[in-house]
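The next block holds one structure in the form of structure tokens; read it before the comments.
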Amino acid sequence: MAKQPIITVNNLTKNYGDFAAVKGISFEVYEGEIFGLLGPNGAGKTTTLEIIETLREKTSGEVMVDGFSIDKDADSIKKIIGVQLQAAGYYPNLNLSELISLFCGLYGITKTPMEMLEKVALTDKAKAKYKELSGGQKQRFSIATTLINDPRIIFLDEPTTGLDPQARRNLWDLIREIRDNGTTVVITTHYMDEAEVLCDRVAFVDGGHIVGIDTPDHFIDKLLESGFERKKQVKDANLEDVFINLTGKEWREG
Ligand SMILES: Nc1ncnc2c1ncn2[C@@H]1O[C@H](COP(=O)(O)OP(=O)(O)OP(=O)(O)O)[C@@H](O)[C@H]1O
């Protein structure tokens with residue numbers, strides 16, 4: 001079956017005063033994929049994401065999300081996407097269960113907090129406050145909040161930054177599960193190893209430009225076909241694999 005674009009970005013630009021942060025980028029995200037925006041700090045990833053999420057004004061260009069234009073149908077787009085809140089959005093005195101109830105109320109959606117916490121393996125933390133969670137648990141909770149409105153697309157901005165290897169791999173499993181349940185996932189990351197194993201397709205962003213879009217496999221194959229060779233033969237496992245092997249892959253508190 002031909003892949004259907006669910007997001008189309010066409011010649012998007014964003015200037016902050018005199019500074020051009022996004023310089024005419026175009027790409028499509030296909031329905032049902034994990035799409036990664038990769039690039040160094042300041043490349044323009046978050047700006048691009050926030051424009052698609054209708055949270056930031058563009059300077060020029062077109063963005064369509066599931067058939068809706070960000071210019072005309074921002075409210076319709078908000079209803080079908082899930083976006084992670086900044087930590088500041090989590091009222092400190094409410095526990096996880098109460099926070100989920102609050103968000104359900106804001107969306108006008110009837111869901112039980114346990115149903116949502118179950119999706120991210122946090123039912124045992126239902127009575128805990130957000131600030132009491134580990135880094136991995138915080139990320140999982142924040143992903144649960146993106147799923148409340150049964151979105152067609154979720155956006156995750158650097159979801160694994162600062163997490164330990166177990167928490168990171170468990171989060172990858174969770175993100176794949178969300179994709180397998182039919183939700184399109186758009187993530188940003190600095191971690192190339194993460195993109196390689198997690199993303200169906202990636203776009204490299206550098207200095208406000210997209211410098212390549214493809215599947216990780218195709219990118220690597222094309223590089224090898226061009227005669228590229230690593231100076232040193234890389235082993236089939238790395239230190240992170242050794243660490244996971246020694247310490248186990250089960251859920252930590254994280
Ligand atoms: N509100 C703003 N006003 C002025 N400049 C901004 C603003 N937001 C971002 N920028 C600048 O735009 C550029 C792109 O920032 P953006 O946050 O989109 O990059 P990024 O690729 O997400 O980087 P990071 O990985 O560090 O989050 C940076 O040079 C940043 O300093």
Side-chain angles (χ1 to χ4, degrees), residues 6-29 33-65 69-71 74 77-78 81-90 135-136 138-143 145-146 151 153-165 167-169 171-172 174-175 178 184-216 219 240:
I6 193 162
I7 298 173
T8 307
V9 174
N10 199 3
N11 211 9
L12 180 68
T13 71
K14 174 68 185 179
N15 301 335
Y16 293 111
D18 292 343
F19 176 71
V22 177
K23 300 174 183 162
I25 64 173
S26 301
F27 62 94
E28 290 179 334
V29 176
E33 72 176 350
I34 301 175
F35 183 85
L37 281 175
L38 314 189
N41 289 123
K45 305 178 299 291
T46 303
T47 300
T48 302
L49 225 58
E50 288 180 353
I51 293 170
I52 300 171
E53 293 163 354
T54 75
L55 300 176
R56 195 174 279 281
E57 293 279 324
K58 65 178 182 178
T59 299
S60 66
E62 283 172 12
V63 179
M64 299 292 290
V65 180
S69 149
I70 57 164
D71 299 320
I77 293 173
K78 287 194 175 85
I81 64 171
V83 174
Q84 287 182 294
L85 269 186
Q86 299 300 314
Y90 301 130
K138 283 183 173 143
Q139 278 300 336
R140 271 154 41 216
F141 178 71
S142 143
I143 289 176
T145 67
T146 71
I153 310 164
I154 62 168
F155 295 89
L156 306 176
D157 201 355
E158 294 178 23
T160 63
T161 297
L163 299 189
D164 69 43
R168 205 157 81 105
R169 291 187 184 206
L171 212 70
W172 296 347
L174 174 63
I175 294 169
I178 292 169
T184 304
V185 181
V186 181
I187 81 166
T188 68
T189 181
H190 305 284
Y191 302 124
M192 299 302 148
D193 61 331
E194 169 163 301
E196 190 177 331
V197 297
L198 183 62
C199 295
D200 297 304
R201 287 190 315 134
V202 297
F204 287 103
V205 189
D206 191 25
H209 292 288
I210 288 190
V211 294
I213 305 185
D214 211 330
T215 64
F219 267 128
E240 184 169 302

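Throughout, numbering of the chain's residues begins at 1 and tracks the sequence. Counting starts at 1 for both ligands and their atoms, in listed order.
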> Can you name the residues that come within less than 4.0 Å of ligand 1, going by heavy atoms only?
Replying inline: Tyr16, Phe19, Ala21, Pro40, Asn41, Gly42, Ala43, Gly44, Lys45, Thr46, Thr47, Arg56, Glu158, His190
Not counting sequence neighbours, which residues clear side-chain contact (heavy atoms from CB on, under 4.5 Å) with [X]? List them please.
X      : answer
Ser142 : Gln84, Tyr90, Gln139
Glu28  : Pro5, Thr8, Tyr30
Phe219 : Val202, Phe204, Asp214

> Under 3.5 Å, side chain of Thr188 to main-chain N/O of Leu37, donor-acceptor pair present?
Replying inline: no
> Would you say Lys45's side chain and Gly39's backbone share a donor-acceptor pair under 3.5 angstrom?
Replying inline: yes
>> Under a 4.0 Å threshold between the charged nitrogen and the carboxylate oxygen, would Asp193 count as salt-bridged to Arg168?
In response: yes
